[in-house]
Amino acid sequence: MSEKGEKWTFLHVNDSHMGTPRSFRFRPAVNRRWAAIKQQMADTEAELLIHGGDLTRDGDIHEFEYQQAQQDLETLPFPSFVIPGNMDVGNKHTLVNGVKRKWEQRGLGWNDPDLNMTSERLDLFASWFGPIHWTFQHRDVRFTGFYAAVAGTGLPQEERLWQMLERLPQLPKTQHHVAMMHYWPFMEQPNDPAWDLTDPDQYDNWYFSIDPPHRQRLWDLLQKAGVDILFCGHVHTGRSVQDVDGIRIYRTPAAGNTSQLAERWTDADTRFGFQRCEVTPSEIDVAFVPGNDQCDEFDSYGPMGHPSAEKRDYSIAREQPAIQ
Ligand SMILES: [Fe+2]
Ligand SMILES: [Fe+2]
């Protein structure tokens, strides 16, 4: 390790969504964009990588994709610290069965309540990648990663999230504190309203952010923990850095999967890439590095969205044996 005070680098990336032709669906372009980004990261002199989730296309139903993503990250010349995304472990919970019925009546065609995350799936992810919530110190930076979408589920993993966040202020002080989550904490501001997922005009806001009152509790704890920088992905669209209550929020573009909601914001960045973060004693300079391969979609097959089990046809897999 080099001397204290010297500049050093870490990397952040999210939403690589590596898929497989052994599945009921596959988008080769996503793998190709990610492969280029991974090579560029490997060529950067960095000490570690933090990955903000959605490593897989369908890891929430295919354990094979955990193995594939793990072996892929192991080819990097520095360690990776990973949190899950919803495509790895399942979605944020919907509250009541009534919601699903209302959805179906409105013909929205989504079936997310059946794809809610479970404690078992979160544990399975952790068995491959380590704890889903973690904090550690490297040099003079504390890194804290967590899957905030467990908030409100009542699962054991939710209790562990709050315990960890509440303990952060008691841990050894560092010059910088970098936090990472998968969902956006809020769309625009911490006091955004509670979004109604049964209203088609509000559904996206609900889907992409954390609900009150968990959102405010989380935000308060991040401030108390002295977080300077918060990375979040999930939307696959980059926006200008936002400073809220002294925390710089980086809503980052994806490392392979397609941008969403980009029409909403004039500053939306739909390119694929990663963040190179240069650390000095006084600051962390975050720069977006676009991927060298911004290829268009090609040779994709299978359904988009969150298809239910009966809509997944493995007989169309391009590579055999198909995933069981
Ligand atoms: Fe994603
Ligand atoms: Fe996601």
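Atom set for the values below is all heavy atoms of this structure, side chains included, hydrogens, waters and symmetry mates excluded. Numbering of ligands and ligand atoms starts at 1, following listing order.
Around the Fe ion (ligand 1), the protein N, O or S atoms closer than 2.8 Å are D15 OD1, H17 NE2, D54 OD2, H236 NE2, listed by chain and residue number.
By the 6.0 Å contact criterion, CD on E263 is enclosed, its count of non-hydrogen atoms from other residues, nucleotides or ligands being greater than 12.
At a threshold of 4.0 Å, the pair E297-R33 counts as salt-bridged, since one of the basic side-chain nitrogens sits closer than that to a carboxylate oxygen. In summary, R248 and E283 do not engage in a salt bridge, as defined by a charged side-chain N under 4.0 Å from a carboxylate O. Ion pair E188/R239 flagged as a salt bridge, since at least one NZ, NE, NH1 or NH2 atom sits closer than 4.0 Å to an Asp/Glu carboxylate oxygen.
For the residue pair H234 / N86, a side-chain donor-acceptor distance below 3.5 Å is found, with atom types taken as modelled.
Looking at residues two or more places apart in sequence or on another chain, you find no side-chain contact (heavy atoms from CB on, under 4.5 Å) involving A35.
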